[in-house]
Amino acid sequence: MVARAVAAPLVIGLDVGATKILAGLVNRDGEVVAEHRVATPGASQEEALAEMDAAVEELLDDRVAAIGYGIPANLERGTSRILRATNMELAGIDLVSRSRERFGLPVGVENDGGVAALAEWKRGAGRGVANLVMLTLGTGVGGGIVIDDRLFRGWAELGHVVVQEGGLACPCGGRGHLEALASGQAADRVARELFGGNAGAHTLIREARRGDENAREALSSMGRTLGVAIGTLMNVFDPELVVIGGGFGMAAAELVLEPARESARAEAIPPGDETLRIVLAELHEEAGLVGAGLVGFEALDGVR
């Protein structure tokens, strides 16, 4: 395998989500040189695994040295075994061993928020910092943490930071979590309340940009809630940088980030209130794919 790695400087990265699998050939610079996208089947674990296998096989050739997966799941520390996936039929499976046996290559698996944080740290907005927190605001809220130049490998369920005791129910079963109050699905809920029918997050953002005061206040409130979570994370991890990504986070940035900054500064312990830096992700939708590729290179290099 070592000889093959020298001759084959590419890995296959798979950004696995509840609705799609985005696979790609990724080089060490984090550049995606080929992509393959398929829908994620949700009927059974066997079908999901078969679709992931097919995505790998679509790109597999003699240049490929390793495989990396970004999975929306809780992973067992030390083994990376998938304990429970979010909105997918994957549970209790050792994907590393399974894929290594099937394809004969080094394999790495990481939580999807973790791979996004890894990508932004290594190749995006977080280049050059040693400590970083990333929040991905999509349908839900994920994220990852870099501490002292190392990606934190434990559970980093940042979307389930409690920001409102006894608040709205979260899909996980808890209450008042960040995901329940400042995410794409939260924006969908508010949009239906304000505009009815099939209104969603995109409606809320559009109407806010047009000047609708209720829409603007709703997004500002989400921003303040986001800031409470960021202030808490600042007090725990003292990151040099907080990166905001995800589809909803990027789309609503102009309406939520300034309220988030103000709220975070109010919550952060000095001097964190002055040193706080919140920036947008640079890699956009490719963060998960690039990060999965970097996880593949870590497996190749024996880092994990």
Side-chain angles (χ1 to χ4, degrees), residues 1-18 20-41 45-83 85-86 88-119 121-123 144 151 153 283 285-304:
M1 284 187 188
V2 173
R4 184 174 185 178
V6 171
L10 297 177
V11 301
I12 294 174
L14 291 95
D15 178 15
V16 181
K20 73 176 188 304
I21 298 170
L22 179 60
L25 291 175
V26 183
N27 66 23
R28 279 196 181 271
D29 293 327
E31 296 170 333
V32 179
V33 300
E35 285 189 9
H36 176 66
R37 183 187 303 252
V38 294
T40 304
Q45 178 163 283
E46 291 71 24
E47 288 181 351
L49 291 170
E51 203 62 68
M52 284 190 275
D53 290 343
V56 171
E57 289 161 359
E58 182 73 23
L59 296 168
L60 190 62
D61 61 31
D62 288 340
R63 299 170 297 168
V64 174
I67 303 167
Y69 294 85
I71 305 279
N74 299 120
L75 306 177
E76 184 177 65
R77 296 183 72 171
T79 69
S80 294
R81 185 171 66 93
I82 295 173
L83 300 176
T86 304
M88 289 186 67
E89 296 298 323
L90 289 176
I93 182 168
D94 185 350
L95 184 61
V96 171
S97 297
R98 180 187 181 278
S99 295
R100 189 165 52 210
E101 188 173 312
R102 183 180 184 89
F103 298 109
L105 295 169
V107 176
V109 176
E110 188 58 68
N111 172 270
D112 59 342
V115 300
L118 180 65
W121 172 46
K122 290 286 190 180
R123 299 291 182 255
L151 181 69
R153 304 292 184 188
L283 298 178
E285 290 187 357
E286 286 205 324
L289 177 54
V290 171
L294 294 176
V295 166
F297 278 112
E298 287 186 342
L300 177 65
D301 297 338
V303 173
R304 56 176 55 238

Visitor: With rounding to the nearest 0.5 angstrom, report the CG to CG distance, L300 to L10.
Guide: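 The distance works out to 11.0 Å.
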
Visitor: Quick check: closest heavy atoms across A66 and G296, and the distance to 0.1 Å?
Guide: CB-O, 3.3 Å

Visitor: Can you tell me how far the NZ atom of K122 sits from the CZ atom of R28, to the nearest 0.5 Å?
Guide: 10.5 Å

Visitor: Salt-bridged, D94 to R100, with N to O below 4.0 Å?
Guide: no

Visitor: Among N111, V56, D15, I21, find the residue that satisfies the side-chain contact (heavy atoms from CB on, under 4.5 Å) test when tested with Y69.
Guide: V56

Visitor: Could you pull out the closest heavy-atom pair between A23 and A55, with the gap in Å?
Guide: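 Nearest heavy atoms, A23 then A55: CB-CB, 4.1 Å.
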
Visitor: Which value, rounded to the nearest 0.5 Å, describes the distance between L22 atom CG and L14 atom CG?
Guide: 8.5 Å

Visitor: Is there a donor-acceptor contact under 3.5 Å from the side chain of D301 to the main chain of V303?
Guide: no

Visitor: Is there a side-chain contact (heavy atoms from CB on, under 4.5 Å) between E110 and L151? Walk through the geometry before answering.
Guide: CA-CA 10 Å; E110 188 58 68; L151 181 69; 4.1 Å; yes

Visitor: So, for A292 and G70, which heavy atoms are closest and what is the spacing to 0.1 Å?
Guide: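 Closest approach of A292 to G70: CB-N, 3.8 Å.
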
Visitor: For the pair R153 and E298, find out whether any cationic side-chain nitrogen is under 4.0 Å from an anionic carboxylate oxygen.
Guide: yes

Visitor: For residues I82 and L75, determine if any side-chain heavy atom of one lies less than 4.5 Å from a side-chain heavy atom of the other.
Guide: yes

Visitor: Which pair of non-hydrogen atoms, one from G291 and one from A119, has the smallest distance, and what is that distance?
Guide: N-CB, 3.5 Å

Visitor: Has E57 got more than 12 heavy atoms of other residues, nucleotides or ligands less than 6.0 Å from its CD?
Guide: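 It does: E57 CD has more than 12 such atoms within range.
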
Visitor: Report yes if the side chains of E35 and E286 come closer than 4.5 Å at any heavy-atom pair, otherwise no.
Guide: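 Answer yes - side chains close enough.
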
Visitor: Return the CZ to CG distance between R81 and L95, rounded to the nearest 0.5 Å.
Guide: 12.5 Å

Visitor: I would like to know whether I12 and L25 meet side-chain contact (heavy atoms from CB on, under 4.5 Å); could you show each step before the answer?
Guide: CA-CA 5 Å; I12 294 174; L25 291 175; 3.7 Å; yes

Visitor: Roughly how far, to the nearest 0.5 Å, is the CZ atom of R98 from the CD1 atom of I93?
Guide: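 The CZ atom of R98 is 5.5 Å from CD1 of I93, to the nearest 0.5 Å.
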
Visitor: Measure across G108 and A299 and return the closest heavy-atom pair with its distance rounded to 0.1 Å.
Guide: N-CB, 3.7 Å

Visitor: Hey, does V64 have a side-chain heavy atom less than 4.5 Å from the side chain of L59?
Guide: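 No, too far: nothing below the 4.5 Å cut-off.
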
Visitor: Between CG of L90 and CG of L83, what distance do you get to the nearest 0.5 Å?
Guide: 12.0 Å

Visitor: Walk me through it: do V32 and V290 pass the test side-chain contact (heavy atoms from CB on, under 4.5 Å)?
Guide: CA-CA 7 Å; V32 179; V290 171; 4.0 Å; yes

Visitor: Would I71 and M52 count as a side-chain contact (heavy atoms from CB on, under 4.5 Å) here? Give the steps.
Guide: CA-CA 11 Å; I71 305 279; M52 284 190 275; 4.2 Å; yes

Visitor: May I ask you to test the L60-L105 pair for a side-chain heavy-atom distance under 4.5 Å?
Guide: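 L60 vs L105: side chains touch.
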
